[in-house]
Amino acid sequence: MRGRGEEARRRTAAAAPRPRAVAKPTLLLALPSETAYLGLVRELTKRMAEVAGFAEPVAERLALAVDEATTNIIEHAYKGASDREIEMRFEDRGKDFRVELVDTGQMVDPRAVPRVDLERYVSERRTGGLGVHLMEKIMDSVTFRRSARRNVCALVKHKDGEGPSR
């Protein structure tokens, strides 16, 4: 036979709200448009990718893609100006890992970036100009858009094991 106290505890426990799934945190960072911060960008991206569940070699490639995107903002959107700001947003969306880079610099049309012919590139011993190509090879999705007078570069990597570099 159950006591009144035990019965009351059972009813209270049944009426208590069930815990919800905890949302994965979003990390926001604003950093100066200086190349001196690229090491921090790489380390933070690598660590966030590892926390999201990617193996170290994949996390390192993701860090390279984000480094390239950040470098492009500094060199092309801001034309090397070191007094500007880049906003970074890291999101673990469960099935996807997403990094957004936001700047207020000049809009660069990604369609105007020439496609890379690696054979010719190597034979001419060129340097630079591989940023968008690398980003597209590493990430599953790379998009550029303009929103509220700001440029937004979104880099997405799926966790399902399919796609480039997984």
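Computed from a prediction, not measured in an experiment: that's the story for all the values here. Numbers here simply count residues along the sequence, with the first being 1.
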Nearest atoms (heavy-atom pairs only) where Arg146 meets Met107:
CD-SD, 4.2 Å
Contact summary for Phe97 and Thr45, nearest pair of heavy atoms
CZ-O, 4.4 Å
Strictly distance-based, threshold 3.5 Å: is any side-chain N or O of Asp103 a donor or acceptor partner for the main-chain N or O of Ala77?
no
State, to 0.1 Å, how close Pro32 and Ser82 come at their nearest heavy-atom pair, and which atoms those are.
CB-O, 4.5 Å
Treating Ile, Leu, Val, Met, Phe, Trp and Tyr as nodes and any side-chain heavy-atom pair under 4.5 angstrom as an edge, say whether Leu38 and Ile138 lie in one connected cluster.
yes
Which distance, rounded to the nearest 0.5 Å, do you find between the CD of Glu85 and the OH of Tyr78?
7.5 Å
CZ/Arg150 to CG/Leu101 distance, rounded to the nearest 0.5 angstrom?
11.5 Å
Check for a donor-acceptor pair, side chain of Asn151 on one end and backbone N or O of Val102 on the other, with a separation under 3.5 Å.
no
side-chain hydrogen bond (donor to acceptor under 3.5 Å, both in side chains) partners of Asp67, counting only residues at least two apart:
Arg42
Arg89 side, atom CZ; Leu28 side, atom CG - distance, nearest 0.5 Å
5.0 Å
Residues two or more places apart in sequence or in another chain: which of them pass salt bridge (charged side-chain N to carboxylate O under 4.0 Å, His left out) with Arg84?
none
Is there a path from Leu64 to Val51 through hydrophobic residues (I, L, V, M, F, W, Y) whose side chains come within less than 4.5 Å of each other?
no
Atom pair OG1 (Thr104) and CD (Glu87), whose distance is rounded to the nearest 0.5 Å:
10.5 Å
Student check: side-chain heavy atoms of Met48 and Leu62 closer than 4.5 Å
no
Steps toward side chain to side chain contact (heavy atoms under 4.5 Å, CB included) verdict (Asp140, Asp96)
CA-CA 10 Å; Asp140 293 311; Asp96 298 324; over 6 Å; no
Got Ile86 and Thr70 here, is their nearest side-chain heavy-atom distance under 4.5 Å?
yes
Same apolar cluster: Leu31 and Phe90, side chain cutoff 4.5 Å:
yes
Distance, nearest 0.5 Å, that separates CZ of Arg61 from CE of Met139:
11.5 Å
Looking at Ile74, is its backbone amide N or carbonyl O close enough to the side chain of Lys79 to form a donor-acceptor pair, meaning the two atoms are under 3.5 Å apart?
no
Straight-line distance of Ser141 OG to Met135 CE, nearest 0.5 Å
10.5 Å
Passes side chain to side chain contact (heavy atoms under 4.5 Å, CB included), Glu50 versus Glu56? Steps please.
CA-CA 6 Å; Glu50 289 172 339; Glu56 183 179 1; 3.6 Å; yes
Is any side-chain N of the basic residue among Arg98 and Asp92 closer than 4.0 Å to the acidic one's carboxylate O?
no
Do Thr71 and Val41 touch side chain to side chain, with heavy atoms closer than 4.5 Å?
no
Salt bridge check: are Glu43 and Lys46 linked by an N-O gap of less than 4.0 Å?
no
Grouping I, L, V, M, F, W and Y whenever their side-chain heavy atoms are under 4.5 Å apart, do Val152 and Leu155 come out in a common cluster?
no
